Amino acid sequence: MIIDRSSQWKEGLIERLENRESWDNWMLYQMNYEVVKTNLISDFSGLQSPKYLPNLTPLEHQLDVAETVIERMNGKAILADEVGLGKTIEAGLILKEYLIRGLVKKALILAPASLINQWAEELNQKFYIPAIPYRKNTSLDHYNVVVMSMDTAKKSPHKEHIYTQDYDMIIIDEAHKLKNHKTKNYEFVQGLKKKFCLLLTATPIQNNVFELFHLISLLKPGHLGNYETFQSSFSASKHNWEHDEYLKELVNQVMVRNRRQDTGIDWTTRKVQTIPVQFTQAEQDVYDLILELKHISPVFSGAFSMITLQKEMCSSKEATYLTLNKMRQKCTEPKEIAHVEEIIQRLMVLEINTKAEKAYEIIQQANDKVILFTEYRASQVYLQWFLHQKGITSVLFNGQFKKSKRDWMKQLFKNHAQVLIATESGGEGINLQFCHHVINYDLPWNPMKLEQRIGRVHRLGQEHDVHIYNLAIENTIEDDILKLLHTKIDVFEKAVGNLDDILSSFKQTI
């Protein structure tokens, strides 16, 4: 290689001497020299970004996560801190660090639609990163940091536009939604070019160990081998495998997880109760009639239909009726129709909802704000009516609401109502530290949904012990749900690490 000595300085000097032109300002030169010198990063270890963030005071564990991801994981990691420990802050720190170092210019953040504005605001206000929320007419060519919903990104023409961009960093919030490798979401993320990539989820396993395999394969293909190799090496089935410690070691090479007790912060305690509920005889009779349906009608012979009806009957007659009425229209035989009609008539005359009565009892005893989670919008409406009859004020919260309505409901709950009745999707991405009582009126099959629900209140800023009440009707499908929840919690803890209490190990009465 030939290196030529530049002569431009000489030409400039002669021109100024002969033509008596003005000289450059020495003070400005010195100032510019100091700025460049200050911005030089001579050592790759340690974080530069905090000194440029006057509006942010990161916690020690958040700084540690950012440093670990950059120095040990080369910018490809699952951020799996427990709910409420600030994974968004950690991702912002990592992104800011790479921007300052000049290693990232363009970044794409994929998040649930309800969290897009929140992401953009935090990046702008706390990190001075000019992120914009994506709109239909947004040109990806002209903006370097874009926040977009996964639902929008995976569809044409947005998907094709994204694939043409040279993104240096991809950040995916609520990454557990990629657990199924057969979905369009998974296929879309798999097709993204990922120089640096962060997957944010407090729950990297929700149901079985293969979900973790697929998540890590998105981040670092081949890290756990291919599917067949992984299955044979660990003798893996959904809920069981061998070589626990070796798997955990491999996982920890790509995953950072902080538990509340590891942060050095003084956390309030979780007090969890699993409370048994007994149907009245009339409710039990209807439940038994529903079980008979699978022997009477082929319309109800599918496992999904029966499980849905059993779960709905454990929630409210309103939710049960809506499903029964839809399925009745598919019945053709007189015997089938008569049996369904009998169930509907028995439903209509039920005067007591035992589980709702138990929830009211807990709300009365709490004498404070309570979040009540149900899985069905019909139950949500019923519970609001039921509590109103008892003199309890409540507001509804679900995924159908637009952001402005969600914010308004949150304010109404904080300032006026005693109870927030939320569905699963309604509990996503809201922070409600001013409340410390949670009733899981309906139990999900997935223990991580319980963790997400509890995480709405048990997070940074919570000043009280958090009381969790899990309601389960005895001698129904909810007994099976409890057993499976314990199995899945065991799977999570073997592969990922200990989990904070979400279920008590034995039933209690209240």
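For clarity, every value in this text was computed on a predicted model and none was experimentally measured.
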Check against side chain to side chain contact (heavy atoms under 4.5 Å, CB included), Gln452 and His176: CA-CA 11 Å; Gln452 293 281 351; His176 50 267; 3.5 Å; yes

Taking the side chain as every heavy atom from C-beta outward, state whether [X] and [Y] have any pair of such atoms under 4.5 Å apart.
| X | Y | value |
| --- | --- | --- |
| Val256 | Asp64 | no |
| Ile162 | Leu140 | yes |
| Leu215 | Lys179 | no |
| Val438 | His458 | no |
| Asn55 | Gln125 | no |

Listed partners of [X] passing side chain to side chain donor-acceptor pair (under 3.5 Å), at least two apart:
| X | answer |
| --- | --- |
| Asn440 | Arg453, Asn470 |
| Ser156 | Glu160 |
| Ser379 | Ser315, Ser316 |
| Lys193 | Asp166 |

Can you see which heavy atom on [X] is nearest to which on [Y], and at what distance?
| X | Y | answer |
| --- | --- | --- |
| Leu443 | Ala472 | CD1-CB, 4.0 Å |
| Ala131 | Asn124 | O-ND2, 2.8 Å |
| Ile116 | Ser149 | CD1-N, 3.3 Å |
| Cys435 | Ile371 | SG-CG1, 3.7 Å |
| Arg260 | Val83 | NH2-O, 2.9 Å |
| Phe196 | Asn74 | CD2-O, 3.4 Å |

Any carboxylate oxygen within less than 4.0 angstrom of a Lys/Arg side-chain nitrogen, looking at [X] and [Y]?
| X | Y | answer |
| --- | --- | --- |
| Glu451 | Arg270 | yes |
| Glu82 | Arg257 | yes |
| Lys271 | Asp465 | yes |

Take Leu482 and Thr274, measure what side chain to side chain contact (heavy atoms under 4.5 Å, CB included) needs, and give me the verdict at the end. CA-CA 9 Å; Leu482 276 175; Thr274 300; 4.0 Å; yes

Do other residues, nucleotides or ligands put more than 12 heavy atoms under 6.0 Å from Glu463 CD? no

Taking side chain to side chain donor-acceptor pair (under 3.5 Å) as the cut-off, I'd like each qualifying pair that reaches into residues 215-226, sequence neighbours left out, listed once. Asn226-Thr229

Any donor and acceptor pair, going by atom type alone, linking the side chain of [X] with main-chain N or O of [Y] inside 3.5 Å?
| X | Y | result |
| --- | --- | --- |
| Lys369 | Ala417 | yes |
| Lys177 | Pro112 | no |
| Thr268 | His464 | yes |
| Lys488 | Trp445 | yes |
| Gln462 | Val457 | yes |

Rounded distance (nearest 0.5 Å) linking atom [atom1] of [X] with atom [atom2] of [Y]:
| X | Y | atom1 | atom2 | value |
| --- | --- | --- | --- | --- |
| Ser394 | Gln380 | OG | CD | 9.5 Å |
| Phe373 | Ile439 | CZ | CD1 | 11.5 Å |
| Leu420 | Lys414 | CG | NZ | 13.5 Å |
| Met150 | Thr152 | CE | OG1 | 11.0 Å |

Sequence neighbours excluded, which residues qualify as ring-ring contact (aromatic ring centres under 6.0 Å, His included) partners of Phe213? Tyr227, Phe230

Quick note, ring pair (Phe, Tyr, Trp, His ring centres under 6.0 Å) partners involving residues 104-128, not counting sequence neighbours, are none

Sequence neighbours excluded, which residues qualify as side-chain contact (heavy atoms from CB on, under 4.5 Å) partners of [X]?
| X | value |
| --- | --- |
| Asp368 | His436, His437 |
| Leu218 | Leu178, Tyr186, Val189, Gln190 |
| His61 | Leu59, Asp81, Leu85, Glu90, Asn258, Thr263, Ile265 |
| Asp141 | Ser139, Gln165 |

Report the C-alpha separation of Phe492 and Met448 in whole Å, then their side-chain angles, then the decisive distance to 0.1 Å, and conclude whether the side chain to side chain contact (heavy atoms under 4.5 Å, CB included) test is met. CA-CA 9 Å; Phe492 183 97; Met448 298 307 127; 3.6 Å; yes

With a 6.0 Å cut-off on the ring centroids, do His158 and Tyr134 count as close? yes

Are Phe413 and Phe434 near enough that their ring centres are under 6.0 Å apart? yes

Could you walk me through whether Glu97 and Ser49 pass side chain to side chain donor-acceptor pair (under 3.5 Å), step by step? CA-CA 5 Å; Glu97 192 71 25; Ser49 53; 2.7 Å; yes

Sorted by chain and number, sequence neighbours left out, salt bridge (charged side-chain N to carboxylate O under 4.0 Å, His left out) with Lys154 holds for Asp151

Kindly indicate, with the supporting measurements, whether the criterion ring-ring contact (aromatic ring centres under 6.0 Å, His included) is fulfilled by Tyr163 and Phe188. CA-CA 9 Å; Tyr163 281 164; Phe188 165 69; 5.7 Å; yes

